[in-house]
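Heavy atoms only: backbone and side chains are in, while hydrogens, waters and symmetry mates are out.
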Amino acid sequence: MKKLKLTAVFLMLFTLGGFAQSTDSSKVVSKEKEYTMMGKSWKVIKYEDGSKSYEWEIDENEYNNYHSEKSSKFKYNFLESEVGINIWPEGKGAPQVKPWGSWFVSLQSVGTWKASKNFHLRSTIGVSWYNFKFEDEEIYALKTSDGLEFVDYTEVIDDPNADPIKSKISASYATLTIVPTVRTNNGKMRFGAGGYAGYRLGGRGKFVYDSEGDKVKDFTKSNMYVENFRYGLRSEIGIGDVTLFFNYDLNDLFQAGLGPELQAMSFGIRVD
């Protein structure tokens, strides 16, 4: 236990009708009395000159936690990762996406401002990879001067022995997120809602097929008419050390007039 001592010395000044304080530790003690309430103890000390002082006993862990929280309003984590799945809506002129294989991966630095015990402001900056794997592996994403087309692979791959394995498009973004978060008193549960914005760093199309036992990878190294900027809404819900997140793009994934009009979505998990 730690003792927190506060000395409040009251001298009755009859001529002024007021009070004064003193912290002179050399005064003679005339009486000490201890009090206890709800597990907390304190002592009242009376001196011969009529002044008083007070001593409280505080649990050492409570004392350290209190001061550490007061002194540290900002927490920084250099590297954090998230993993999840990307999807887009059906019936928008794009092939159906296969969730397993349409991976969302993010590496980021995190800063958290602890405004209060129950409210934190979480912000991240990092790189996110968006992959969209087609359910039908025979579809080929073909970039033309008129826009992005989804055609049968036989129109592009001149190999009668080709057996399609995988077809996908992908893009990477430098991404900034800001998520105000409400937490329970013990921090075990939390909910956040905010937004994100990103700038495209790269992109490509990928078609993989088997040709007489050999795996062949055909790449289209370009932006695939994916928008350079990406922004949207984000929500998070956490229990313990596990956080689930959901991202919803507010802008179209592809450039206007050069690809399907659709918004992408991502959801996944983070372990804090």
Is there a side-chain contact between [X] and [Y] in this structure, where contact means two heavy atoms from C-beta onward sitting under 4.5 Å apart?
X    : Y    : result
E137 : K166 : no
F207 : P164 : yes
V208 : F219 : no
D163 : I165 : no
R190 : E236 : no
N247 : F267 : no
L121 : T181 : no
E227 : N251 : yes

I need the minimum non-hydrogen distance between [X] and [Y], along with the two atoms involved.
X    : Y    : result
I157 : A162 : CG2-CB, 4.1 Å
S106 : S128 : OG-OG, 3.4 Å
V97  : I87  : CG1-CA, 4.5 Å
I169 : A141 : CG2-CB, 3.6 Å
I85  : P99  : CG2-O, 3.5 Å
V226 : Q255 : O-NE2, 3.5 Å

I would like to know whether H120 and R183 meet side chain to side chain contact (heavy atoms under 4.5 Å, CB included); could you show each step before the answer?
CA-CA 8 Å; H120 291 180; R183 302 165 60 91; 3.2 Å; yes
Does F229 have its ring centroid less than 6.0 Å away from the ring centroid of Y173?
no
For the [atom1] atom on [X], are there more than 12 heavy atoms of other groups (residues, nucleotides or ligands in this structure) within a distance under 6.0 Å?
X    : atom1 : result
L250 : CG    : yes
N186 : CG    : yes
E261 : CD    : no

Between M265 and W88, does the side chain to side chain contact (heavy atoms under 4.5 Å, CB included) criterion hold? Intermediate values first, please.
CA-CA 6 Å; M265 293 165 277; W88 62 38; 5.7 Å; no
Would R234 and F245 count as a cation-pi pair here, with the cationic atom under 6.0 angstrom from the ring centre and within 45° of the axis?
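Flagged: R234 positioned over aromatic ring of F245.
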Cation-pi check, R230 onto Y130 ring (under 6.0 Å, within 45° of axis):
yes
E80 and R270 ion-paired at < 4.0 Å:
yes
In sequence, state the C-alpha distance, the side-chain angles, and the governing distance for F104 and W129, and then conclude on ring pair (Phe, Tyr, Trp, His ring centres under 6.0 Å).
CA-CA 6 Å; F104 170 89; W129 287 267; 9.3 Å; no
Run the numbers on N86 and K133 for side chain to side chain donor-acceptor pair (under 3.5 Å), then give the verdict.
CA-CA 9 Å; N86 297 297; K133 182 179 180 181; over 6 Å; no
Report whether [X] and [Y] are members of the same hydrophobic cluster (ILVMFWY, side-chain heavy atoms less than 4.5 Å apart, transitive linking).
X    : Y    : result
L176 : F78  : no
V271 : V83  : no
Y209 : V151 : yes
Y140 : L258 : no
F246 : L233 : yes

Which of parallel (below 30°), tilted (30 to 60°) and perpendicular (above 60°) describes W100 and W103?
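If you compare the ring of W100 with that of W103, the planes turn out perpendicular.
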Under 30°, 30 to 60°, or over 60°: which ring-plane class applies to F150 and F134, parallel, tilted or perpendicular?
perpendicular
Say you draw a straight line from [atom1] of [X] to [atom2] of [Y]; how long is it, rounded to the nearest 0.5 Å?
X    : Y    : atom1 : atom2 : answer
N131 : R204 : CG    : CZ    : 8.0 Å
K114 : F74  : NZ    : CZ    : 10.5 Å
Q96  : E90  : CD    : CD    : 4.0 Å
E149 : K143 : CD    : NZ    : 13.0 Å
T124 : Q108 : OG1   : CD    : 4.0 Å
S81  : L79  : OG    : CG    : 7.0 Å

For S211 and N161, what are the C-alpha separation, side-chain angles and deciding distance, and is it a side chain to side chain donor-acceptor pair (under 3.5 Å)?
CA-CA 5 Å; S211 180; N161 298 311; 5.0 Å; no
Under 3.5 Å, is there a donor-acceptor pair linking the side chains of D152 and T154?
yes
Check for a donor-acceptor pair, side chain of S116 on one end and backbone N or O of F119 on the other, with a separation under 3.5 Å.
yes
Has the side chain of Y196 got a donor or acceptor atom that lies under 3.5 Å from a matching backbone atom of Y248?
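Yes.
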Working note: D272 + T243, criterion side chain to side chain donor-acceptor pair (under 3.5 Å); need CA distance, chi angles, decisive distance, verdict.
CA-CA 7 Å; D272 297 319; T243 299; 2.9 Å; yes
Yes or no on ring pair (Phe, Tyr, Trp, His ring centres under 6.0 Å) for F254 and Y225, after CA distance, side-chain angles and deciding distance?
CA-CA 6 Å; F254 299 103; Y225 293 121; 8.7 Å; no
For a side chain to side chain donor-acceptor pair (under 3.5 Å) check, start with the C-alpha distance between Y153 and D218, then their side-chain angles and the critical distance, and finish with the verdict.
CA-CA 11 Å; Y153 78 98; D218 181 87; over 6 Å; no
Assess whether side chain to side chain contact (heavy atoms under 4.5 Å, CB included) is satisfied between S123 and W113, documenting all intermediate values.
CA-CA 8 Å; S123 60; W113 177 54; over 6 Å; no
Between L107 and E82, is the side chain to side chain contact (heavy atoms under 4.5 Å, CB included) condition met? List the steps.
CA-CA 7 Å; L107 297 177; E82 294 180 336; over 6 Å; no
